[in-house]
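Report on one structure; see the data block that follows.
We name chains A, B, ... by the order of the sequence lines, and we start the count at 1 in each one. Here the structure is a predicted model, which means the values were calculated and not measured. Note that these values count all heavy atoms, side chains included, but never hydrogens, waters or copies made by symmetry.
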Number of protein chains: 2
Amino acid sequence: MNIEQVILGFIYGEAMTGYELKKRFDESVAHFFGATFSGIYPALRRMEKEGLIEKEVVPQEGRPSKNIVRITEKGRQSFADYLKSPLSPGVQKSDLLVRYFFGRYAAEGQIRGWLLEERERMTDTREGLLHMRRGALNDPETDAFRLKTLEMGIAQIEFSLRWIDEELAMEPGAELTGPESREERRRCES
Amino acid sequence: MNIEQVILGFIYGEAMTGYELKKRFDESVAHFFGATFSGIYPALRRMEKEGLIEKEVVPQEGRPSKNIVRITEKGRQSFADYLKSPLSPGVQKSDLLVRYFFGRYAAEGQIRGWLLEERERMTDTREGLLHMRRGALNDPETDAFRLKTLEMGIAQIEFSLRWIDEELAMEPGAELTGPESREERRRCES
DNA sequence: ACACCCATGTAACATGTTACATGATTCT
DNA sequence: AGAATCATGTAACATGTTACATGGGTGT
């Protein structure tokens, strides 16, 4: 799975600009595949060269021309091929869990700080996803897949939040036991 | 968070080779941060140049010399700085969920195929993690952090598996048909 | 006044993956 | 006989991020 294939999905039913594409990413699959302008625009250029899309330039006053991209027959074929190809394995990266693994080297209160930091970020993300869900519910175009994708994102975040809250509920420092750990810990406090 | 910082964590308490490092990754944080030889060896070279590690070359017969890497004082400082730095946000990539989002374009039975493919991969990953957990429990060196990191990985996978099974149950023709599928199911129930 | 929206894009950088390249030893 | 383990590394490729560059319109 790469950014080109996901873009094909978005423009499969509706032509749009790179700017609009970014919005579509953000309000749908961003939780499972993020995209930035610097990823989208070069991808669109490659895709045009490969014949997967056609560009229509619409001049505007006071701002750059709109580049409306439309999927071609070749693009539809390419998207269908993607759907038939083997799933690429999921990837996850979590700085929190990596640090947690090395918890014995953490200073006092440090783990708690990480947990709180992650909790705040996740709470914000959850707010954003709930907001999108409300938007999706008010949009007659929304189908069950969009809704359930959002809901899976929300459920995952809430799962992680529960873990974080359980960890926080443990007494601060309760994880650290034994003199060895404490010695190691001091070394990292400098 | 990058590979150098995680390597520092592994060699913080014990010198080892690049080969051993790979094993440590695989049996601990691989679920939250993967590493390959092609990532590890160049990283070690950079780290030596930066003065974060020292290399001790131990010649061997019939195979390449061991390059045992040991953390330096500068390396310890660098690791401590990492632990104090802001958490990098978690990243997730899921081809399954992206495709699911575009489910309206899928052919008949195609979504089911994706769900089954992902379930099989996840079931295998779960087996691997459970195996590591048993290994960790038999290892007197294991601390609570290592164990709980593994357990969080297992819990996440089981969370995803539950979602997949719910989706499979909803689909038309929900009964698992072939003998293969039935075997898979038994494995999950055990 | 200030911030956010619209709308495009490039260049440098960071990071990681796949394939290539070698080869003895030990287990099944 | 064949697979897995030990043990190193390079080169080419893919992919994505951050900072840079521009600039009017719209809402508070």
Quiz item: Would you say a side-chain N or O of B:Lys22 is under 4.0 Å from OP1 or OP2 of D:dA7?
Solution: no
Quiz item: Between atom CZ in A:Arg46 and atom C1' in D:dC13, what is the gap in whole Å?
Solution: 13 Å
Practice problem: Quick one: pull up CG in B:Asp95 and CD in B:Glu117 and give me the separation to the nearest 0.5 Å. | Solution: 8.5 Å
Quiz prompt | Minimum-distance nucleotide to A:Arg63 side chain [options: C:dT8, C:dC6, C:dA24] | solution = C:dC6
Quiz item: How is B:Gln60 classified with respect to the nucleic acid when contacts are heavy atoms under 4.0 Å: base, sugar-phosphate, or nothing?
Solution: sugar-phosphate
Self-check item: Where B:Gly75 and B:Leu8 come nearest, the two heavy atoms and their spacing
Solution: O-CD1, 3.8 Å
Quiz item: Is the NZ or CZ atom of B:Arg46 both under 6.0 Å from the centre of the six-membered ring of B:Tyr41 and within 45° of that ring's axis?
Solution: no
Quiz item: According to a strict under-4.0 Å criterion, is A:Asn2 in side-chain N/O contact with OP1 or OP2 of D:dG16?
Solution: no
Quiz item: In whole angstrom, what separates B:Lys66's NZ from D:dT5's C1'?
Solution: 12 Å
Quiz prompt | From C:dT8, D:dT10, D:dT8, nucleotide with atom closest to B:Pro64 side chain | solution = D:dT8
Quiz prompt | Nucleotide C:dT8, atom P - distance to NZ of A:Lys23 in whole Å | solution = 11 Å
Quiz prompt | B:Ser65 or A:Ile3, whichever maps to the more 5' nucleotide of DNA chain D | solution = B:Ser65
Quiz item: For the side chain of B:Ser38 and the base of C:dT18, is some donor closer than 3.5 Å to an acceptor across the two?
Solution: yes
Quiz item: End-to-end bend of the helix from C:dA1-D:dT28 to C:dT28-D:dA1 (five-pair axes, 10° rounding)?
Solution: 60°
Quiz item: Parallel, tilted or perpendicular: which fits the ring planes of B:Tyr105 and A:Tyr12, with parallel below 30° and perpendicular above 60°?
Solution: tilted
Quiz item: Should A:Arg45 be listed as having a side-chain N or O under 4.0 Å from OP1 or OP2 of C:dT10?
Solution: yes
Quiz item: Quick one: A:Lys93 NZ to D:dT17 C1', roughly how many Å, whole number?
Solution: 12 Å
Quiz item: How many Å lie between CD on A:Glu61 and C1' on C:dT8, as a whole number?
Solution: 17 Å
Quiz item: Checking side chain to side chain contact (heavy atoms under 4.5 Å, CB included) against A:Ile11, which of A:Leu21, A:Leu44, A:Ile68 comes through?
Solution: A:Leu21
Self-check item: Protein-nucleotide distance (A:Phe37, atom CZ; C:dC6, atom C1'), rounded to Å
Solution: 9 Å
Quiz item: Contact class for B:Gly18 (heavy atom, under 4.0 Å): base, sugar-phosphate, or nothing?
Solution: sugar-phosphate
Exercise. Report the distance from atom CE of A:Met16 to atom C1' of C:dT8, rounded to the nearest whole Å.
Key: 17 Å
Quiz item: Taking for each residue the nucleotide of DNA chain D with the nearest heavy atom, is it A:Phe33 or B:Ile68 whose nucleotide lies nearer the 5' end?
Solution: B:Ile68
Quiz item: Would A:Tyr100 and B:Phe32 count as a close aromatic pair, with their ring centres under 6.0 Å?
Solution: no
Quiz item: Does the ring center of B:Phe102 lie less than 6.0 Å from the ring center of A:Phe10?
Solution: yes
Quiz prompt | A:Thr36 side-chain N/O to D:dT17 phosphate OP1/OP2 under 4.0 Å | solution = yes
Quiz item: Separation of B:Glu4 atom CD from C:dT15 atom P, in whole Å?
Solution: 8 Å
Exercise. Run the ring-centre check on B:Phe159 versus A:Phe159 and record whether the distance is less than 6.0 Å.
Key: yes
